[in-house]
Structure formats: structure tokens, C-alpha cells
There are 2 protein chains.
Amino acid sequence: MTEVEKTLDNKSVRPTAMRILIYKFMASKNTAVALTDIENAFDKAERTTLYRTLKTFEEKGIVHQIDDGTNISKFALCEPGCNCEIDQDLHLHFHCGQCDKTVCLTEHKIPQINLPQGYIAEDVNLVIKGICDSCNDH
Amino acid sequence: MTEVEKTLDNKSVRPTAMRILIYKFMASKNTAVALTDIENAFDKAERTTLYRTLKTFEEKGIVHQIDDGTNISKFALCEPGCNCEIDQDLHLHFHCGQCDKTVCLTEHKIPQINLPQGYIAEDVNLVIKGICDSCNDH
DNA sequence: CCATTAAATGCACTTCTGTTGCACCATCTA
DNA sequence: TAGATGGTGCAACAGAAGTGCATTTAATGG
Ligand SMILES: [Mn+2]
Ligand SMILES: [Mn+2]
Ligand SMILES: [Zn+2]
Ligand SMILES: [Zn+2]
């Protein structure tokens with residue numbers, strides 16, 4: 001059993017060939033990926049399978065979904081000990097308007113926000129748009 | 001010249017009949033609206049016209065676009081003196097998972113966020129998901 | 001090992017949002 | 001009043017998301 005298989009197994013996800021490929025693909029990238037990104041990465045990929053795989057991954061806390069303002073859902077692997085299905089990992093995300101890449105800034109936590117009376121917060125999504133360090137010509 | 005016409009004129013937007021209707025519709029609601037919401041509100045509405053009207057409104061600082069995590073763009077009128085086309089009005093938004101409504105919390109400003117070296121922030125989008133005060137049964 | 005069963009995948013198709021091109025119409029200006 | 005500019009209507013398309021169903025694959029128990 002490889003490391004990836006163990007990871008999936010730990011999260012109660014059957015480590016099928018396709019799932020392992022998807023996991024490895026996401027692990028190889030340092031940016032969040034869209035469903036279409038994965039689809040384009042594998043010639044033999046079936047969109048529905050990828051779609052449902054991502055859903056499963058998300059439900060089991062393997063990936064988290066990111067809404068970066070492009071109206072296209074992005075996904076990124078959760079950090080080793082993030083447990084975002086229980087107590088969500090409130091880091092912020094950055095979307096670069098130049099290279100169109102979205103990254104997790106896991107070190108940068110979202111500060112506590114207070115809401116008006118009667119509002120109950122369940123999740124927080126903070127996205128900053130701008131120029132990333134790769135596109136920034138210093 | 002009515003108040004609405006003056007408002008549009010001040011922002012260099014020709015106050016056509018359709019635009020006035022759209023503006024009034026948005027002003028009558030206390031939630032952000034999607035393109036489809038406006039389309040459904042008027043039988044005679046042409047989707048393209050609404051689409052381009054919202055684009056124009058946004059460019060001229062009459063409305064601001066909100067990305068609430070549903071992957072459907074929402075729009076809301078800017079506050080009287082917000083000038084968000086120059087220096088964006090960094091209030092937070094709330095999306096209720098029960099009634100599916102998105103509201104501007106204009107009183108609640110987004111706190112200063114610091115970024116890693118090399119990253120340049122141009123815009124910030126902070127959305128909180130949960131239960132709104134109307135859906136909260138106290 | 002085989003039969004049974006559940007889970008995963010592949011295929012076809014639909015819906016919805018966003019977007020563009022182009023023709024036509026309204027409005028402004030010289 | 002003619003021309004220019006800008007707004008609108010109509011048609012069509014692209015892309016993402018999502019569903020139903022048949023088929024394949026994998027796990028399980030005898
Ligand atoms: Mn992330
Ligand atoms: Mn707002
Ligand atoms: Zn970049
Ligand atoms: Zn609500």
C-alpha cells in the first residue's frame with residue numbers, strides 16, 4: 001500500500017486507480033485546480049468521474065472547495081492535519097488576475113469577524129485578488 | 001428629472017427606461033440580486049440587455065458584483081457615497097444557506113490582511129455563510 | 001473459486017449562466 | 001436633417017454543473 005493509498009484509506013475512500021491519479025495530480029500542483037484542469041491533464045478522463053471524485057474527496061475532507069471569484073469552483077488538497085470537515089481550516093486564498101492561478105495561503109488565517117445580532121456564521125471565505133509573487137516583476 | 005435619473009446621470013450613465021427600471025428594482029430589494037432574478041422580475045426583460053446594463057452599472061460604480069460562493073454572480077447597489085470604482089468599499093457579505101439570500105453588511109468592514117512577500121492585493125472578497133437573522137428562529 | 005452485492009465508472013443528455021455578434025432602433029449633436 | 005454614437009433585441013454559442021441509467025469493477029461470504 002503506497003502513501004497515497006494509505007491517505008485515501010484513512011479517510012474512508014476506496015483507493016481506486018483513478019482516485020490515486022487525481023490525488024497525485026493535485027499533490028503535484030501548488031495551485032488550486034478546476035475540474036476542467038484535471039480533465040485536460042488526463043486524456044482518458046471522464047468528466048463525470050472527476051466531478052464525483054472531487055465531491056467524494058470534499059465530503060471526506062481530502063480536498064476543500066475554493067470560490068475565488070471566477071465563478072469556477074477550484075479544489076485544493078487539505079493540509080496534512082487540517083480536519084476541515086469538522087472544524088474548517090480558515091486560511092485565506094489568493095487569486096492572481098494575471099496568471100489566473102489560485103493558491104492557498106495556509107499560513108494566513110482569517111481573523112475573527114463579528115456579525116450583526118441574529119446572524120450565525122458557519123463558514124468563512126476570504127479571497128484576495130491581485131498579483132501573485134510569480135507574476136510580480138519586483 | 002427624477003432622483004433615479006439624477007443618480008444615473010451623475011455617474012455618466014444615460015438614464016434609459018430599462019435602466020431606471022433595473023435601478024428601482026434593485027433599490028427595492030435589501031438583498032443582492034442575480035441576473036436571473038431581474039430577468040424573472042420583468043416579463044419583457046431581455047437577458048442581454050440586463051447583462052450589459054449590470055456591466056455598465058458596475059463599471060460606473062453604481063453597483064458592485066458579489067461572489068457569494070454559489071458560482072452565480074450577484075449584484076447590489078453601492079451605498080450613497082461609496083465610490084467603489086476608485087477605492088473599493090471593503091464591507092463583508094453574508095450568504096444564508098437556508099433562504100439562499102445574499103446581503104451586504106456595509107457596516108462591517110473587512111479588516112486589514114497581510115500577505116506574503118511579493119503578493120499585491122487589489123481587491124478583497126469576504127463572504128460569510130450561515131443562517132441570516134430572518135431564518136434564525138431565535 | 002464462484003456468486004452475490006455494493007461501489008465506481010462511463011455515456012448521454014439536460015439545465016443554467018455567462019457571453020458575443022450583428023442588425024436595428026433611439027438619442028444626441030453638428 | 002444627416003450622421004454618429006450608444007442602447008436594445010434576437011440568435012446563437014461556450015462552459016460549467018448536474019442527473020439518470022447502464023455497465024464495469026471491486027469487496028465479501030460461502
Ligand atoms: Mn485552501
Ligand atoms: Mn455589498
Ligand atoms: Zn500570477
Ligand atoms: Zn436566510
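Throughout, a chain's letter reflects where its sequence line sits, starting with A, and its residues are numbered from 1. The analysis underlying the following values was restricted to heavy atoms, covering all of them including side chains, and did not include hydrogens, waters or symmetry mates.
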Contact residues, residues 13-30 of chain B to DNA chain C [heavy atom, < 4.0 Å]: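 Correct list: empty, so none.
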Could you name each residue pair satisfying side chain to side chain donor-acceptor pair (under 3.5 Å) that touches residues 95-113 of chain A, not counting sequence neighbours?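 For residues 95-113 of chain A: A/Asp68-A/Thr102, A/Asp89-A/Lys109, A/His95-A/Asp100.
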By side chain to side chain contact (heavy atoms under 4.5 Å, CB included), which residues pair with [X], not counting sequence neighbours?
{"X": "A/Gln65", "value": "A/Glu58, A/Ser73, A/Phe75"}
{"X": "B/Lys55", "value": "B/Tyr51"}
{"X": "B/Ser28", "value": "B/Phe25"}
{"X": "A/Ile120", "value": "B/Ile131, B/Asn136"}

Inter- and intrachain pairs under salt bridge (charged side-chain N to carboxylate O under 4.0 Å, His left out), touching residues 16-27 of chain B, at least two apart: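 Qualifying pairs, neighbours excluded: none.
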Taking [atom1] from [X] and [atom2] from [N], how many angstroms apart are they, rounded to a whole number?
{"X": "B/Asn40", "N": "C/dT15", "atom1": "CG", "atom2": "P", "result": "16 Å"}
{"X": "A/Glu5", "N": "D/dA27", "atom1": "CD", "atom2": "P", "result": "10 Å"}
{"X": "B/Asp100", "N": "C/dC16", "atom1": "CG", "atom2": "C1'", "result": "14 Å"}
{"X": "A/Asp9", "N": "C/dA7", "atom1": "CG", "atom2": "C1'", "result": "15 Å"}
{"X": "B/Asp43", "N": "D/dG9", "atom1": "CG", "atom2": "P", "result": "14 Å"}
{"X": "B/Phe42", "N": "D/dG9", "atom1": "CZ", "atom2": "P", "result": "12 Å"}

Short N/O separations, protein against nucleotides 22-24 of chain C, under 3.5 angstrom:
none

Atom pairs and distances, side-chain donor-acceptor, residues 37-49 of chain B, under 3.5 Å, sequence neighbours left out:
{"residue": "B/Asp37", "atom": "OD2", "partner": "B/Ala34", "partner atom": "N", "Å": "2.7"}
{"residue": "B/Glu39", "atom": "OE1", "partner": "B/Arg47", "partner atom": "NH1", "Å": "2.4"}
{"residue": "B/Asn40", "atom": "ND2", "partner": "B/Thr36", "partner atom": "O", "Å": "3.2"}

For B/Val127, which fellow cluster members are found when Ile, Leu, Val, Met, Phe, Trp and Tyr are connected by side-chain heavy-atom distances below 4.5 angstrom, either directly or through intermediates? none
Nucleotides 11-17 of chain D: which of its N/O atoms have a protein N/O under 3.5 Å away?
{"residue": "D/dA11", "atom": "N6", "partner": "B/Thr48", "partner atom": "OG1", "Å": "3.3"}
{"residue": "D/dA16", "atom": "OP1", "partner": "A/Thr36", "partner atom": "OG1", "Å": "3.2"}
{"residue": "D/dA16", "atom": "OP2", "partner": "A/Thr36", "partner atom": "OG1", "Å": "3.0"}
{"residue": "D/dA17", "atom": "OP1", "partner": "A/Ser73", "partner atom": "N", "Å": "3.2"}
{"residue": "D/dA17", "atom": "OP1", "partner": "A/Ser73", "partner atom": "OG", "Å": "3.4"}

State which residues pass ring-ring contact (aromatic ring centres under 6.0 Å, His included) with A/Tyr119; sequence neighbours excluded, sorted by chain then number.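 Listed in chain order: B/Phe94.
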